[in-house]
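Bear in mind the structure is a predicted one, so any value in this text is a computation, not a measurement.
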Amino acid sequence: MTLAIILVIAAVLSLAVILGTVVSRSLQPSHRDGGPGQIEPIDVEAFRNLTDPAEDEYLRLRLPASEFRAVRRERLLAMAAYVKTARRNAGVVSHLAQGAVTTQDPRTAEAARQLVDDAALLRQNAFIALFRIRVAIVLPNSRFAAAPVLRGYERLSGRAMLLGRLQNPSSPVRI
């Protein structure tokens, strides 16, 4: 009995260490995040439609169960693609903003710090959203939560434009 308890505790601790490693690595910008000019555009309206629970409920009521599961799986896969792109874009924007944190202009430095913080939060929310989307693919009746990623991406985009305007007021900036 004691041996079984020790094995269970060891397994739980091992799982915690593995999950901690995976989470910490996923939150670090990777080399694939790229540098300047590698931001991939996101159709925010399509992303918003995919994350809308009312749209999901509408499809649930209008489609036969088997067809709804197939459509929902496709929507979830598309949502996962948007979340991955938002996570990559957050890494690129964070990399660009880190260079502006040390600038002499206090407004620009503060905007850059906020942008780096927002990018880190977006990457964390994207990791959690991807996990929930995968659960929703396996368990069709579960709820998913990618809306925080959408809101975070919109906030990140606004702050990136602000930082761009502060760094170069004469040039139009759009992300």
Side-chain angles (χ1 to χ4, degrees), residues 15-16 18-97 111 113-165 172-175:
L15 181 62
I18 291 170
L19 285 176
T21 304
V22 168
V23 168
S24 67
R25 285 188 181 178
S26 71
L27 295 178
Q28 295 174 355
S30 68
H31 299 296
R32 294 178 310 178
D33 287 340
Q38 293 189 356
I39 292 178
E40 188 176 337
I42 289 180
D43 183 350
V44 176
E45 286 304 314
F47 191 16
R48 184 175 287 118
N49 180 291
L50 289 171
T51 61
D52 185 5
E55 185 71 23
D56 196 49
E57 191 58 32
Y58 175 82
L59 292 172
R60 183 185 310 274
L61 294 173
R62 299 285 189 258
L63 298 174
S66 61
E67 191 175 337
F68 170 73
R69 283 191 298 273
V71 168
R72 185 165 194 250
R73 186 169 289 117
E74 290 300 317
R75 289 172 53 86
L76 288 168
L77 292 171
M79 190 185 311
Y82 278 114
V83 170
K84 288 176 185 175
T85 301
R87 183 180 65 189
R88 275 193 306 273
N89 287 351
V92 173
V93 169
S94 176
H95 178 73
L96 293 172
R113 273 191 295 280
Q114 288 177 348
L115 188 57
V116 169
D117 290 345
D118 283 349
L121 181 61
L122 177 61
R123 290 178 59 82
Q124 179 182 4
N125 286 340
F127 177 80
I128 294 167
L130 284 171
F131 174 76
R132 289 184 172 178
I133 289 169
R134 289 181 184 122
V135 168
I137 288 172
V138 174
L139 303 171
N141 291 326
S142 65
R143 299 285 176 209
F144 47 86
V149 174
L150 175 63
R151 287 190 302 273
Y153 189 77
E154 290 172 329
R155 184 174 51 247
L156 183 76
S157 178
R159 293 209 185 191
M161 286 189 277
L162 172 65
L163 179 62
R165 283 192 303 269
V173 176
R174 180 161 164 83
I175 301 221

**Q** Who pairs with D43 by side-chain hydrogen bond (donor to acceptor under 3.5 Å, both in side chains), at least two apart in sequence or on another chain?
**A** none
**Q** Is a salt bridge present between D56 and R60, judged by a nitrogen-to-oxygen distance below 4.0 Å?
**A**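 Yes, D56 and R60 are salt-bridged.
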**Q** Is there a side-chain contact (heavy atoms from CB on, under 4.5 Å) between L61 and E57 once you walk through the steps?
**A** CA-CA 6 Å; L61 294 173; E57 191 58 32; 4.0 Å; yes
**Q** Evaluate side-chain contact (heavy atoms from CB on, under 4.5 Å) for I137 paired with R72, printing each intermediate quantity in order.
**A** CA-CA 8 Å; I137 288 172; R72 185 165 194 250; over 6 Å; no
**Q** Could you go through the side-chain contact (heavy atoms from CB on, under 4.5 Å) check for R88 and Q38 one step at a time?
**A** CA-CA 9 Å; R88 275 193 306 273; Q38 293 189 356; over 6 Å; no
**Q** First locate atom OH of Y82, then atom CD1 of I42, and finally report the distance between them rounded to the nearest 0.5 Å.
**A**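 Y82 atom OH to I42 atom CD1 measures 8.0 Å (nearest 0.5 Å).
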**Q** Which atom names give the shortest non-hydrogen contact between L50 and A78, and what distance separates them?
**A** CD1-CB, 3.8 Å
**Q** Do the side chains of R73 and L76 get nearer than 4.5 Å, heavy atoms only?
**A** no
**Q** Check the pair E74, L77 against side-chain contact (heavy atoms from CB on, under 4.5 Å), reporting the backbone distance first and the verdict last.
**A** CA-CA 5 Å; E74 290 300 317; L77 292 171; 4.3 Å; yes
**Q** Heavy-atom distance under 4.5 Å between the side chains of V138 and R134, does that happen here?
**A**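 A side-chain contact under 4.5 Å is absent here.
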**Q** Kindly say whether A81 contributes a backbone atom to a donor-acceptor pair with the side chain of T85 at under 3.5 angstrom?
**A**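 It does hold such a pair.
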**Q** I need the minimum non-hydrogen distance between V83 and F47, along with the two atoms involved.
**A** CG2-CZ, 3.9 Å
**Q** Hey, is the main chain of R87 close enough, under 3.5 Å, to the side chain of R123 for a donor-acceptor pair?
**A**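 Such a contact is found between R123 side chain and R87 backbone.
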**Q** Quick one: are L63 and R69 in side-chain contact, heavy atoms under 4.5 Å?
**A** no
**Q** Please give me the minimum heavy-atom distance between A90 and A119, naming the atom from each residue.
**A**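 Taking every non-hydrogen atom into account, O-CB, 3.4 Å.
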**Q** Quick one: closest heavy-atom pair of A97 and V116, and the distance?
**A** CB-CG2, 3.7 Å
**Q** Quick one: does N89's side chain have a donor or acceptor within less than 3.5 Å of a partner on I39's backbone?
**A**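 Between the backbone of I39 and the side chain of N89 there is no qualifying donor-acceptor contact (under 3.5 Å).
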**Q** Output, in order, the C-alpha distance, side-chain angles, deciding distance and verdict of salt bridge (charged side-chain N to carboxylate O under 4.0 Å, His left out) for R113 and D117.
**A** CA-CA 6 Å; R113 273 191 295 280; D117 290 345; over 6 Å; no
**Q** Would you check if N49 and E45 make a side-chain contact, meaning some heavy-atom pair closer than 4.5 Å?
**A**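 A side-chain contact is absent here, since even the closest heavy-atom pair is not under 4.5 Å.
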**Q** Return the CZ to CG distance between F127 and L122, rounded to the nearest 0.5 Å.
**A**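 F127 atom CZ to L122 atom CG measures 14.0 Å (nearest 0.5 Å).
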